[in-house]
Chemist: 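Can you keep this structure in mind? I'll have questions shortly.
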Number of protein chains: 2
Amino acid sequence: MRRMTARPGNAHQARLLRLLRDGGPNSRAQLGDQVDLSRSKLAVEVERLLETGLVVADGLAASRGGRRSHNIRLAPALRFLGVDIGATSIDVAVTNAELEVLGHINQPMDVREGPVAVFEQVLSMAAKLKASGLAEGFDGAGIGVPGPVRFPEGVPVAPPIMPGWDGFPVREALSQDLGCPVMVDNDVNLMAMGEQHAGVARSVGDFLCVKIGTGIGCGIVVGGEVYRGTTGSAGDIGHIQAVPDGRPCACGNRGCLEAHFSGAALARDATDAAHQGLSQELAARLEAAGALSAIDVAAAAAAGDATALDLIREGGTRTGQVIAGLVSFFNPGLVVIGGGVTGLGHTLLAAIRTQVYRQSLPLATGNLPIVLGELGPTAGVIGAARLISDHLFSPA
Amino acid sequence: MRRMTARPGNAHQARLLRLLRDGGPNSRAQLGDQVDLSRSKLAVEVERLLETGLVVADGLAASRGGRRSHNIRLAPALRFLGVDIGATSIDVAVTNAELEVLGHINQPMDVREGPVAVFEQVLSMAAKLKASGLAEGFDGAGIGVPGPVRFPEGVPVAPPIMPGWDGFPVREALSQDLGCPVMVDNDVNLMAMGEQHAGVARSVGDFLCVKIGTGIGCGIVVGGEVYRGTTGSAGDIGHIQAVPDGRPCACGNRGCLEAHFSGAALARDATDAAHQGLSQELAARLEAAGALSAIDVAAAAAAGDATALDLIREGGTRTGQVIAGLVSFFNPGLVVIGGGVTGLGHTLLAAIRTQVYRQSLPLATGNLPIVLGELGPTAGVIGAARLISDHLFSPA
DNA sequence: TCCCTTTGTCCACTCAGTGGAAAAAGTAGG
DNA sequence: CCTACTTTTTCCACTGAGTGGACAAAGGGA
């Protein structure tokens with residue numbers, strides 16, 4: 001089946017497509033109210049979009065006291081693929097043109113296996129989604145990788161935790177394999193886009209999205225657009241010094257935030273505590289599973305284990321110190337906390353909040369919500385779908 | 001005399017005015033090369049600008065082998081006023097439409113005297129510049145104040161070092177007194193704009209401009225535009241924690257960067273060192289002047305005084321630690337160091353560079369220049385003139 | 001003087017976009 | 001069923017920005 005062959009021919013058409021995508025109005029009249037075009041012009045542009053097949057007019061809406069309007073919507077057969085490659089697992093989802101997740105699967109995978117092995121698995125996951133009847137093909141795919149990306153080319157650069165990926169032409173390779181347009185970005189940026197599109201950050205122009213997983217990163221949104229920095233490494237806050245002369249870090253420095261708090265650091269601390277006999281709860285879990293992860297710490301904390309709670313609080317305090325600095329610097333309208341350790345929940349959030357509200361200036365924190373992400377693991381894949389749809393729904 | 005009564009009527013005209021301001025080409029043909037308009041359309045827009053009097057066509061340029069071109073330039077009588085209100089002094093300058101400084105005066109003044117007293121002095125300084133024949137009147141004025149500003153309204157908000165200024169309608173008041181349009185911004189942002197327009201940051205899209213004076217602030221430029229944050233306090237890095245459990249700060253916290261290094265902190269440290277007999281050089285200066293300032297420390301350092309050098313190096317290291325974090329986060333293409341303590345020169349710069357290059361990730365620092373500002377005290381006033389000219393050279 | 005180059009002007013034409021009128025298709029009430 | 005009123009959509013003449021080609025103006029070099 002031929003997929004989405006057309007692109008919007010001008011800015012108006014792109015604007016209309018995005019309005020329709022974002023759950024906007026669906027009659028010509030309602031579209032006209034939002035798009036500041038005369039009805040005549042609007043009708044022309046809609047007509048052209050109908051000709052391309054990107055949108056369809058199916059049926060009539062209920063009357064509101066006058067002539068019934070036509071239902072204008074994005075082509076129901078459009079499908080986007082959202083791929084979120086994490087350090088230890090892969091998420092793949094299919095969405096429709098409105099970016100609603102139709103199917104979502106997650107499989108464990110170590111990125112360090114390299115791009116070839118990873119993409120093989122991604123393709124098999126995509127094939128599985130296709131086989132389940134959710135899609136006949138994909139009109140575009142967004143890919144998130146856990147490291148810096150040279151965005152225009154879609155190529156990872158010097159990724160610390162992804163040996164073998166440096167310079168690999170992800171965009172080009174996947175575009176060939178999938179047979180559709182592909183865009184690549186940092187996983188943290190995609191999470192930010194996901195929360196912006198469908199999560200807690202709707203209608204916020206400037207915000208930070210801190211993702212705490214195996215590592216720590218921060219998505220930066222300025223004026224509704226993701227800011228990527230000069231070389232694409234913006235938001236790499238995992239190696240900001242949180243503790244002077246603190247723990248040695250893989251990057252060669254000491255006291256990096258990531259060395260003191262992250263999924264990996266938390267698991268290590270919990271294991272140490274179990275070995276030292278500080279917590280029966282953790283020791284029991286270590287005994288049972290052979291190794292501890294952040295999830296075990298979350299469970300222990302939920303069971304009221306004091307040691308686990310202390311670990312979370314201390315990590316939250318460290319993270320809060322760093323975020324406090326960023327808040328003073330960036331003066332965001334919102335801070336979103338997400339990633340694998342979101343399971344640590346409100347204990348973590350409270351520690352972060354306390355530290356930020358204490359250390360940052362009142363003018364910056366006065367009206368600053370600090371909240372957990374709302375979408376969990378789907379934030380990344382929704383963000384990925386949004387990335388490619390933003391690309392495709394822009395003038396050719 | 002009636003001043004600039006007209007504004008560009010559309011985006012093309014605004015574009016042309018800015019091109020002419022920024023020292024661009026000056027014949028219709030050369031303008032056409034840069035502005036992506038047909039010669040016909042361009043001629044029409046230029047004609048309209050000529051009618052408004054904003055630009056003039058005077059004389060013919062030398063031939064380059066064909067018909068000689070007309071010299072198109074901004075009206076030579078246009079004058080902008082740039083005002084930079086610091087914590088302890090005021091800078092006022094007149095510029096022409098190309099933002100070249102025609103006259104510049106500086107006078108000591110304590111902002112804490114309040115807006116009324118300060119504006120009285122600003123007006124008398126402006127009058128002095130007028131009296132010297134540099135201007136017959138002002139077509140617009142830009143004002144920088146040492147604290148956060150609610151930018152759209154031009155009103156300071158909760159300024160820590162400017163009691164009495166909170167909520168004072170600076171823009172409205174000065175606009176009445178001067179009889180011309182006025183724009184107000186944070187002094188640090190104006191310094192960034194100045195260095196961007198005529199200094200080291202030309203042609204850099206994303207950069208940071210750290211101003212170390214009585215306090216410490218940071219101008220943030222994203223995609224060529226100043227980023228001000230949600231409440232206008234972005235860049236307020238003086239109260240980021242630099243030393244855990246460090247010195248008490250006026251803001252109520254401990255260990256703020258500003259408490260450990262700034263013009264004020266440096267003067268205090270130097271005075272302590274002199275009293276403790278650590279430096280004969282500093283003690284002699286204290287004896288002679290009755291009090292020490294950052295300038296004395298700079299002089300002592302230049303004379304080779306070890307204590308002064310140590311103080312500067314330590315301050316630079318602290319500052320470098322904070323900047324290192326910001327570089328990891330923001331991934332700028334350039335870092336500019338400016339403000340009153342620029343006199344500390346390369347000792348300071350070296351300490352900052354060492355710390356940033358050591359602590360930040362290679363991908364962010366790989367091609368990152370860290371340099372001193374090029375314009376010194378004129379950066380602020382040029383930035384101020386640029387602020388108002390950007391405003392006036394935009395469609396009405 | 002002839003030919004070439006560069007700059008600037010003129011003019012007919014295209015096309016995006018507007019706004020008003022009218023048609024289409026409904027609801028509500030008698 | 002008929003009338004009055006709404007809302008949505010279509011139609012169409014008109015405006016005005018912008019284009020591109022032809023041409024005039026003004027110079028240089030052989």
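Note on naming: letters A, B, ... go to the chains in the order of the sequence lines (proteins, then strands), and numbering restarts at 1 for each one.
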Chemist: What N/O pairs connect the protein and nucleotides 27-30 of chain D at under 3.5 Å? Give each pair on its own line.
Modeler:
unit_1	atom_1	unit_2	atom_2	d
dG27(D)	N2	G65(B)	O	3.4

Chemist: Quick one: list whatever passes salt bridge (charged side-chain N to carboxylate O under 4.0 Å, His left out) with R15(A), sequence neighbours left out.
Modeler: none
Chemist: Name all residues meeting the salt bridge (charged side-chain N to carboxylate O under 4.0 Å, His left out) criterion together with R68(A); count only those two or more places apart in sequence or in a different chain, and write none if there are none.
Modeler: none
Chemist: Distance check needed: dG16(D) P versus N10(B) CG, whole Å only.
Modeler: 14 Å
Chemist: Going 5' to 3' along DNA chain C, which nucleotides are the first and last within contact of chain A (any atom under 4.0 Å from a heavy atom)?
Modeler: dA16(C) to dT27(C)
Chemist: Show me the pairs that pass salt bridge (Lys or Arg N to Asp or Glu O under 4.0 Å) and involve residues 26-38 of chain A, at least two apart or across chains.
Modeler: none
Chemist: Using whole Å, what does the distance between atom C1' of nucleotide dG18(D) and atom NE2 of H12(B) come to?
Modeler: 8 Å
Chemist: Answer yes if the side chains of N331(A) and T231(B) hold a donor-acceptor pair under 3.5 Å, and no otherwise.
Modeler: yes
Chemist: Please enumerate all residues that pass salt bridge (charged side-chain N to carboxylate O under 4.0 Å, His left out) together with D58(B), with sequence neighbours excluded.
Modeler: R73(B)
Chemist: Just to verify, what does E153(B) make a salt bridge (charged side-chain N to carboxylate O under 4.0 Å, His left out) with, not counting sequence neighbours?
Modeler: R150(B)
Chemist: Between atom NE2 in H70(A) and atom P in dT10(D), what is the gap in whole Å?
Modeler: 6 Å
Chemist: side-chain contact (heavy atoms from CB on, under 4.5 Å) with P369(B): which residues, sequence neighbours excluded?
Modeler: L334(B), V371(B)
Chemist: Heavy atoms only, 4.0 Å cut-off, all strands: where does S38(B) land among base, sugar-phosphate and nothing?
Modeler: base
Chemist: Do any N or O atoms from the side chain of D185(B) and from the backbone of N189(B) form a donor-acceptor pair under 3.5 angstrom?
Modeler: no
Chemist: Who are the ring-ring contact (aromatic ring centres under 6.0 Å, His included) partners of Y227(B), not counting sequence neighbours?
Modeler: F330(A)
Chemist: With sequence neighbours left out, what residues match L37(A) under side-chain contact (heavy atoms from CB on, under 4.5 Å)?
Modeler: H12(A), V35(A), K41(A)
Chemist: At a cut-off of 3.5 Å, list every protein nitrogen or oxygen paired with a nitrogen or oxygen from nucleotides 11-15 of chain D, distance to 0.1 Å.
Modeler:
unit_1	atom_1	unit_2	atom_2	d
dC11(D)	N4	S40(A)	OG	3.4

Chemist: Does anything in residues 387-396 of chain A pair up under side-chain hydrogen bond (donor to acceptor under 3.5 Å, both in side chains), and if so which pairs, sequence neighbours excluded?
Modeler: R21(A)-S389(A), R21(A)-D390(A), R386(A)-D390(A)
Chemist: Round to the nearest Å and state the distance from E45(A) atom CD to dT9(D) atom P.
Modeler: 16 Å
Chemist: Expressed as a whole number of angstroms, how long is the span from L31(A):CG to dT8(D):C1'?
Modeler: 13 Å
